[in-house]
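Note on naming: letters A, B, ... go to the chains in the order of the sequence lines (proteins, then strands), and numbering restarts at 1 for each one.
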Amino acid sequence: MNQEVRTRFAPSPTGGLHLGGVRTALFSYLFAKKHKGSFVLRVEDTDQNRYVEGAEQYIIDCLAWCGISPDEGPHKPGEYAPYRQSERKLMYKQYALQLVESGHAYYAFDTSEELEKMREELKSEKNPSPQYDASHRMHMKNSLSLLKEETDKLLQENTPYVIRIKMPQNEIISFNDMIRGEIKNEADLVDDKVLLKADGMPTYHLAVVVDDYLMKITHAFRGEEWLPSAPVHIKLWEYLGWKESMPQWAHLPLILKPDGNGKLSKRDGDRLGFPVFAMDWHDPKTGDTTKGFKELGFLPEAFINLLALLGWHSGEEKELFTKEELIAAFSMERVHKGGAKFDFDKAKWFNHEWIKKLSDEDCAALVKPILTTKGLKIEDDSFLIKAVHLVKERCVLLNDFYEQSIYLFESPFTFDLEAIQAKWTDEKKLFFIDWINILESLSVWQFSDIETSFKNLATEKNIKPGELQLPFRIMLVGAKHGIGVFHIADMIGKEDTVNRMKKVLGML
RNA sequence: GCCGCGUUGGUCAAUCGGUUAAGACGCCUCCCUUUCACGGAGGAAUGACGAGUUCGACUCUCGUACGUGGUACCA
């Protein structure tokens, strides 16, 4: 069977897009592209209580930023539209009813109070979470326990109901996971999950099966947290008569918090000072903004690169991959089973490497808006490109370019005079006075002439050039950091160089 | 509680029965640079535990421990 590979990313639009979500999307994308297939975005908005305004567009924006845009989705309808589950509401009901008719599902009329009462009464130390399953369903109010006339009457009276799957008894449900191999579950241990809610919306369980079938999904990737409900989905595929078309499942390992154990949450990011969302998320309900990798100064190339290496490994020593290289190298056999702790230091290392790989021109284009919003005036793009070239290797995040290059654009306001005064002498002062005269007489202002005149004069005055470089640096930068001093002088020009020198000389 | 999944240095990880158990991040030392980085050279640091299979086990099997996920009319 040479059918086209189709994978999907199916998030629910309830808030910011988590690292783990992006990685699931990334792996689905890489797998699809590796096999020349399609990657679909399906919005799982079946819980109307959790719907958050703007979250869907935000997800689309995040994927676009990462460079893993879906081939089909609500924003780009293909032949399986609509891609929003709320808009497919009516389709699900017919399948739920089909299941009732074939005896694999049933109506349940229990109110939430009754369910709660059942759980409360059955709860014991040995069984802290009683389930709605074969052992109890005949004691509940449903079309299995009720007479047919009673059920019909309730339905005619428009009594609210849900449709639940009737899980089989004495059966081992097994399936093959692409990452974990054969997974077995005892059907008796799985409860009769709700398929169709009282509001007519499907639950995830029904919707994921129906949509994966209708959208011809061939490989379904999702987080490990779905493993326990997989048997329900397997039975659904079977009961609906679609078993031959069931996608291959892959349950991805979790991304864990760096300290301790457990799933990485937004709270961990806040606590430990790093983002968890791909891009800034503005919560319309609380008005809060949560920082994203993009706004912190990450490159999308670095972001997907680091995510790909969290749970997957090529087997070779190479760690830096472009998206195309990831597509070429990706394989499910090399995806890990165990969860990976997120390491922000390593994440920053990836970004640093990617910044160094970026061309000066491309880098400058990304840096320009950052510098201008922080108040720097950039009149000349070629100057910016030169500046970027000079400071690039010391910037880990795009935002670092501001403090690493500000002295190329503006004169410093504060000076670390102590650093000069510690070893200051009259001879050194005379040196700078004489050197200013020489610099002012230079007809051409260029790196090599500046450096040569500096060294020649130092030799002439019998002072070690190194002893003079630190004071010179403080005059130009204000502090003990930055690129080579003669490069700075070259960049800021004769007038500015001399002015900065005179200003500090006057302070000593 | 029950069920599922997992477990190689601090972290990411290679190894698909035989190696001195790679490499990267981070950390430490030194060199380069009289700034800060980059770069270079070194260093410390790993198979949860117990059985079994085998000539031989990090690799296979079982058990234990630990961790984690699930146990909703949320996904």
| remark: RNA chain B nearest-nucleotide lookup for A/Gly311 and A/Glu182: closer to the 5′ end is A/Glu182
| query | Are A/Asp47 and A/Arg50 ion-paired here, with the side-chain N under 4.0 Å from a carboxylate O? | reply | yes
| message | Counting the atoms with a prime plus P, OP1 and OP2 as sugar-phosphate, which does A/Gly338 contact under 4.0 Å by heavy atoms, base, sugar-phosphate, or nothing? | response | sugar-phosphate
| query | Is the backbone of A/Ser86 close enough, under 3.5 Å, to the side chain of A/Asp45 for a donor and an acceptor to pair up by distance? | reply | yes
| field | Pairwise distance CE(A/Met246) to CD1(A/Ile234) - rounded to 0.5 angstrom | value | 4.0 Å
| query | What integer distance in Å separates A/Glu316:CD from B/A24:P? | reply | 15 Å
| remark: Listing for RNA chain B: consecutive Watson-Crick or G-U pair runs of at least 3, distance cutoff 3.5 Å, ranges ordered by first number, gives B:1-7 with B:65-71, B:10-12 with B:23-25, B:27-31 with B:39-43, B:48-52 with B:60-64
| said: Please classify the nucleic acid contact of A/Gly223 as base, sugar-phosphate, or nothing, using heavy-atom distances under 4.0 Å. | reply: nothing
| remark: Protein heavy-atom contacts under 4.0 Å, written 5' to 3' over nucleotides 25-34 of chain B as B (base), S (sugar-phosphate only) or - (none), form the string B--------B
| query | Okay, side chain of A/Arg8, backbone of A/Ile217: is any donor-acceptor separation there less than 3.5 Å? | reply | no
| said: Under a plain distance cut-off of 3.5 Å, with no hydrogens placed, do A/Tyr161 and A/Asn142 share a side-chain donor-acceptor pair? | reply: no
| How long is the span from the CZ atom in A/Phe321 to the CD atom in A/Glu316, to the nearest 0.5 Å? | 7.0 Å
| So what does A/Arg222 touch, heavy atoms closer than 4.0 Å: a base, only the sugar-phosphate, or nothing? | nothing
| field | A/Asn261 side chain, from C-beta outward: closest of B/U15, B/G39, B/G67 | value | B/G67
| task | State whether a side-chain donor-acceptor pair under 3.5 Å links A/Ser265 with A/Asp268. | result | yes
| Using a cut-off of 4.0 Å on non-hydrogen atoms, how would the nucleic acid contact of A/Leu306 be classed: base, sugar-phosphate, or nothing? | nothing
| message | Base, sugar-phosphate or nothing for A/Arg180? Non-hydrogen atoms, less than 4.0 Å. | response | sugar-phosphate
| query | If the sugar-phosphate is the primed atoms plus P, OP1 and OP2 and the base is the rest, what is the B/S/- string for nucleotides 69-75 of chain B, using protein heavy atoms under 4.0 Å? | reply | BSBSBBB
| query | When all nucleic acid strands are considered with a 4.0 Å heavy-atom cut-off, which category describes A/His336: base, sugar-phosphate, or nothing? | reply | sugar-phosphate
